[in-house]
Amino acid sequence: MADSTVQQSRSRDLDKLLLRPGNLVAPTFEPGVQLRDDLQEYARILVIGAGGLGCELLKDLALSGFKNLEVIDMDRIEVTNLNRQFLFRLEDVGKPKAEVAAKRVMERVSGVNIVPHFCRIEDKDIDFYKDFSIIALGLDSVEARSYINAVACGFLEYDSDDNPIEETVKPMVDGGTEGFKGHARVIMPGSTPCFECTIWLFPPQVKFPLCTLAETPRTAAHCIEYAHLIKWDEVHSGKTFDPDDPEHMKWVYTEAVKRAELFGIQGVTYSLTQGVVKNIIPAIASTNAIISAACTLETLKLASGCSKTLGNYLTYNGVEGLHIKVTEFVRDKDCLVCGPGVLIELDTSVTLQRFIDMLEEHPKLLLSKASVRHQATNLYMQSPPVLEEMTRSNLSLPLFELMGKVPKDIVHVTGTANKDDKKTSCLRKLRLVFKGVDAVTDMDMAVGA
Amino acid sequence: MAEPKNKYDRQLRIWGEQGQAALEKASICLLNCGPTGSETLKNLVLGGVGSITVIDGSKVEQGDLGNNFMVDVSCVGQSKAKCVCTFLQELNDAVKAKFIEEYPKALIDSNPSFFSQFTLVVATQLAEDSMVKLDKICREAKVLLIFARSYGLTGFVRISVKEHAVIESKPDHFLEDLRLNNPWPELERFAESIDLNVSDPVAHKHTPYVVILVKMAEEWAKAHGGALPSTRDEKKEFKELLKAGMVAMDEDNYTEATEASFKVFAPRGISTDLQKIIHDGCSEVESNSSDFWVMVAALKEFIANEGGGEVPLEGSIPDMTSSTELYVNLQKIYQEKAEVDFLAIQQRVKNILKRIGRDPDSISKAMIKSFCKNARKLKVCRYRLLEDEFNNPAVSELQKYLTDEEYGVAMGFYILLRAVDRFAANYNSFPGQFEGEMDEDISRLKTTVVGLLTDLGCNGATVTEDLISEMCRFGASELHAVAAFIGGIASQEVIKLITKQFVPMVGTFIFNGIDQRSQLLAL
């Protein structure tokens, strides 16, 4: 009894939002003590990354009504983290970020439970990610975002009308910052654009042409990259350059200085050398705080329905004044990651060759010269000749058998599409369902009912 | 490379040693250390401000444990200022952290001179009357001031300082200062020394685009009575000429020249923003003018005289396809011209200082140099006194915002954030602060809003019922995520004010936590 009074008053401010009815809320919102308790008991949030954003996210979530959190990060704490990753102290340098972050938040906010995972995101089974209500991303790399996005979208299933099945939707909240700028977004796979739908928002990093580095250097960065990418290999045959080894960095710096002097170029400093070689993105506490807070608020709204949801992409820019903009991006209906894919029903006897022929006639595809891939296996490849020869024997086999006799699964096909008399090469996602195979599942359900 | 500097590496890459030094010299005063105040200071302590003074008269309650990370269960019953100060100190031992257990309102009323010792005051969760009083105190004492408030799913941030002049505004995308449309003699001569039709293909594709464009523009001007391409057809023709100069398809320098050709077409002279600054009343300098305005006065003279309508040259060039030799030589030509322009400005600054009875060497060479380099990017931000904004509202702006689709909700929150203070003054509690009085509070708040709008001169204007009900639902709650957002915005602006880099926001920032369509209102 005493415990419950304490809890009530600890939730003093949040209760206003969770216990009272509102007018500008989600249609699913059911205010009350039950909602508050359910958030604490059943909502499980995974935070990816325990860096600048991750530290903030853990703190914000722990103080926003969530009690079951997990965090995954493969990095150890460095001195340069301390200007913003506020859960870490100088004496923590070298320790795993996820573990220290979880410990610090649990010490401060009693009642919250945070499970740390000191590993790479790829080290976890796919099923690990399935258990969470919402995944919050505090990452600084496009690759890691793509990976988690693919995992979360991989859980998504569509019904026969190509509508996402609600129970399979794994919402993601994603934040990112650089200097005085950042973004926060909500991804509801199947209804709002996933990371791949809008991959163009992350332009590829500009790289210097090697001939510029070797022959016509003009800037300090050119001299640094020459030392880093060309000279290092020339001098240290076989030894890999380690950006975290200060001796290696100093060597690159010294070589870059020599080259700059040779060509009369100014501006090579140790700090710039580190920045160029490690592609350092400037980062500060305040921007991380803003973006993480926006992400946390959206997480709370998704989990509780206590207000409207961000639709769907927020950008913050504090360089010149203050600009906050919300953009409603649209899904790429043909997205290979979150889209339904074209549904094709097949008899179990259909051979791969027959299947490839069908793709050419299929009104939605009109795909000729198709290569077919199932999971990581090439079932048939049109080219190169070596692969064609290796996979040719599959053509006469039933596709059902080639795919391990599963009742349904996704295959990816590449080929030439004929649209409006134009030929374009394209990649398509197909949902194959074999007729009459899932009878077993139907029977199970009938018995259960 | 020493440890303590390493700690700040990622931010030094943004504001440099000078910005960091300014932060380390700053003393910050925080009024009220709920989550909004605590989160603002957290970001500043991490960044390494010189000192903080936390002022709050309240004791830590159970409820604070649910929204403030800078207290824990052992703090209950103790001074909130003391507890928050202790936890903030843990974040960075280079910061001097102090606390005073006193209510800000009482301090504002009883000891106004107290605030003059600080560089900047962060005033959080203050009621309107205290804000107005503090505003006048800080304005008088020339102390930077920023207000921040979180209220349910809304809140605001507002800077108050008479004038904030920025030299290093560091905009993201700003056209390089290349003078392709107005080259000076040395650049022309350098271009003349290079043969665009050089037979060596390697040399041909390593001629920097700056040289190509200067030469082509000159050729064009000769054939067109001194004028540069201005009509669409002329611009197109100019680009065709560029293309005709190519000898191979892979000449990146010619591609760059075509892409940069608009720099040749751009009008000469200075931007309208800069026009406004040099014609500002403050550029008529007196003995007590700030260094910034003394330099603006020198700039004005320069533009009218040796500048020939242009500002001092910035002196840097972007990377471009070129042989190393030509690039380095071109760089030198730009640097030398920038140096000549700087010396002219420096002389004018000295003369002006002498004329207004000040030490002619009182503005450092580094400062003047930075001013010259950034002359095209100067910014002046001015802020009304709160009292002025409240008593003499820009009625047309208010009405425009209220009925605007994009700004309507933010404007509604602006009105409501003021209405709840009026409500509290009348009824001794905020609307919806306590259970059981919701319906009555909603109708009372509605009446308060109508009264406020009438006082503001917006008769007939309304705030939607939905928004009024939501405001009552919020019941003066301070949610951690909202406080972290508002605190993040506030600390960001504090950094800009103290480092004197980048451009602070002008106007009132209204947070909209419902759909995140927050807005900046210029009132």
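Just so we're on the same page: letters track the sequence lines, and every chain starts at 1.
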* Quick one: what part of B/Ile514 sits under 4.5 Å from any heavy atom of chain A, side chain, backbone, both or neither? -> both
* Asked: What part of A/Ser64 lies closer than 4.5 angstrom to a heavy atom of chain B: side chain, backbone, both or neither?
  -> side chain
* **A/Lys16 to B/Phe474 six-membered ring, cation-pi geometry met (6.0 Å, 45°)** => no
* Structure fact -> In terms of heavy-atom pairs under 4.5 Å with chain B, the winner among A/Gln274, A/Lys301, A/Glu215, A/Glu298 is A/Lys301
* **Portion of A/Lys181 that has a non-hydrogen atom of chain B nearer than 4.5 angstrom** => side chain
* Asked: Is chain A contacted by the side chain of B/Ser469, its backbone, both, or neither, given a heavy-atom distance below 4.5 Å?
  -> side chain
* Would you give the length of the straight line joining atom CG of A/Asp60 to atom CZ of B/Phe485, rounded to the nearest 0.5 angstrom? => 11.5 Å
* To do: Give, as side chain, backbone, both or neither, the part of B/Ile495 having an atom under 4.5 angstrom from any heavy atom of chain A.
  => side chain
* Asked: What part of B/Gln501 gets closer than 4.5 Å to chain A, counting heavy atoms only: side chain, backbone, both or neither?
  -> neither
* Asked: Checking heavy atoms, do the side chain of A/Asn317, its backbone, both or neither come under 4.5 Å from chain B?
  -> side chain
* Structure fact -> Looking only at A/Thr309, A/Leu297, A/Val105, A/Val109, most heavy-atom pairs under 4.5 Å shared with chain B are made by A/Leu297
* Cut-off 3.5 Å, side chains only: do B/Asp319 and A/His222 have a donor facing an acceptor? -> yes
* Test salt bridge (charged side-chain N to carboxylate O under 4.0 Å, His left out) applied to A/Lys325 and B/Glu406, step by step -> CA-CA 11 Å; A/Lys325 212 178 125 198; B/Glu406 264 179 68; over 6 Å; no
* Asked: Is it the case that B/Gln331 and A/Gln266 place a side-chain donor and acceptor less than 3.5 Å from each other?
  -> no
* Where does B/Glu478 contact chain A at under 4.5 Å (heavy atoms): side chain, backbone, both or neither? -> both
* Asked: Side-chain contact, heavy-atom cut-off 4.5 Å: A/Glu320 with B/His173?
  -> no
* Considering only heavy atoms, which portion of A/Gln85 lies under 4.5 Å from any heavy atom of chain B: side chain, backbone, both, or neither? -> neither
* Where does A/Cys295 contact chain B at under 4.5 Å (heavy atoms): side chain, backbone, both or neither? -> neither
* Spacing of B/Gln519 atom CD and A/Leu322 atom CG [to the nearest 0.5 Å] -> 10.0 Å
* Asked: Taking side chain as C-beta onward, heavy atoms only, is B/Val503 less than 4.5 Å from A/Val319?
  -> no
* Asked: Taking everything shown except B/Asp439 itself, do over 12 heavy atoms lie less than 6.0 Å from its CG?
  -> no
* To do: Measure B/Val328 against the heavy atoms of chain A and call it side chain, backbone, both or neither at under 4.5 Å.
  => side chain
* Side chain, backbone, both or neither of B/Gln433 within contact of chain A (heavy atoms, under 4.5 Å) -> backbone
* Quick one: OG on A/Ser307 to CD on B/Glu470, what's the gap to the nearest 0.5 Å? -> 6.0 Å
* So do B/Phe509 and A/Ile324 actually touch side chain to side chain, heavy atoms under 4.5 Å? -> yes
* Structure fact -> Pair count under 4.5 Å, heavy atoms only, with chain B: among A/Thr212, A/Asn83, A/Thr216, highest is A/Asn83
* **Side chain A/Arg20, main chain B/Met438, donor-acceptor under 3.5 Å** => no
* Asked: Among A/Gly311, A/Cys306, A/Pro246, which has the most heavy-atom pairs under 4.5 Å with chain B?
  -> A/Cys306
* To the nearest 0.5 Å, tell me how far A/Leu24 CG sits from B/Leu153 CG. => 9.5 Å
* **Which atoms of B/Lys332 approach chain A - backbone, side chain, both or neither, heavy atom under 4.5 Å** => neither
* Asked: Is a side-chain N or O of B/Asn6 found less than 3.5 angstrom from the main chain of A/Val79, in a donor-acceptor match?
  -> no
* Structure fact -> In terms of heavy-atom pairs under 4.5 Å with chain A, the winner among B/Leu65, B/Asp72, B/Leu46, B/Val73 is B/Leu46
* Side chain, backbone, both or neither of B/Val157 within contact of chain A (heavy atoms, under 4.5 Å) -> neither
* Asked: Looking only at atom types and distance, does a side-chain atom of B/Gln516 sit under 3.5 Å from a main-chain N or O of A/Leu314, one as donor and one as acceptor?
  -> no
* To do: Check step by step if salt bridge (charged side-chain N to carboxylate O under 4.0 Å, His left out) holds for B/Asp64 and A/Arg10.
  => CA-CA 7 Å; B/Asp64 299 327; A/Arg10 182 188 282 253; over 6 Å; no
* Asked: Can you check whether A/Gly318's main-chain N or O pairs, donor with acceptor, with B/Lys496's side chain at less than 3.5 Å?
  -> yes
* Asked: Just checking, is any N or O donor in the side chain of B/Gln492 or A/Tyr316 under 3.5 Å from an acceptor N or O on the other one?
  -> yes
* Taking the side chain as C-beta and beyond, is there a heavy-atom pair between B/Gln11 and A/Arg84 under 4.5 Å? -> no
* To do: May I ask you to name which of A/Gly179, A/Ala62, A/Ala294 has the most heavy-atom pairs under 4.5 Å with chain B?
  => A/Ala294
* Where does A/Pro209 contact chain B at under 4.5 Å (heavy atoms): side chain, backbone, both or neither? -> neither
* **Toward chain A, the part of B/Cys381 with a non-hydrogen atom under 4.5 Å** => neither
* Contact class of A/Thr287 relative to chain B, heavy atoms under 4.5 angstrom -> both
* Asked: Are B/Asn67 and A/Leu63 close enough that some pair of their side-chain heavy atoms sits under 4.5 Å apart?
  -> no
* To do: Starting at CG of A/Leu14, measure out to CG of B/Leu479 and round the result to the nearest 0.5 Å.
  => 6.0 Å
* Check whether A/Ser271 gets within reach of chain B through its side chain, its backbone, both or neither, counting any heavy atom under 4.5 Å. => both
* Side-chain contact test, heavy atoms from C-beta onward, threshold under 4.5 Å: evaluate it for A/Arg12 versus B/Ser477 and give yes or no. => no
* **Choice from B/Ala490, B/Gly432, B/Ser323, B/Gly487 maximising heavy atom contacts with chain A below 4.5 Å** => B/Gly432
* To do: Check each atom of A/Ile291 against the heavy atoms of chain B and say whether the ones under 4.5 Å are side chain, backbone, both or neither.
  => neither
* Does any N or O in the side chain of B/Arg473 come within less than 3.5 Å of the main-chain N or O of A/Leu17, such that one atom is a donor and the other an acceptor? -> yes
* To do: Give, as side chain, backbone, both or neither, the part of B/Leu520 having an atom under 4.5 angstrom from any heavy atom of chain A.
  => side chain
* What residue in A/Ile280, A/Leu310, A/Leu82 has the most heavy-atom pairs under 4.5 Å with chain B? -> A/Ile280
* To do: Kindly say whether B/Met320 contributes a backbone atom to a donor-acceptor pair with the side chain of A/Arg218 at under 3.5 angstrom?
  => yes
* **Side chain, backbone, both or neither of B/Glu61 within contact of chain A (heavy atoms, under 4.5 Å)** => side chain
* **Within 45° cone and under 6.0 Å: A/Arg104 NZ/CZ vs B/Phe69 ring** => no
* Which distance, rounded to the nearest 0.5 Å, do you find between the CG of A/Asn81 and the CG of B/Asp9? -> 10.5 Å
* Asked: Any sub-3.5 Å donor-acceptor pair from B/Thr324's side-chain atoms to A/Phe263's backbone N or O?
  -> no
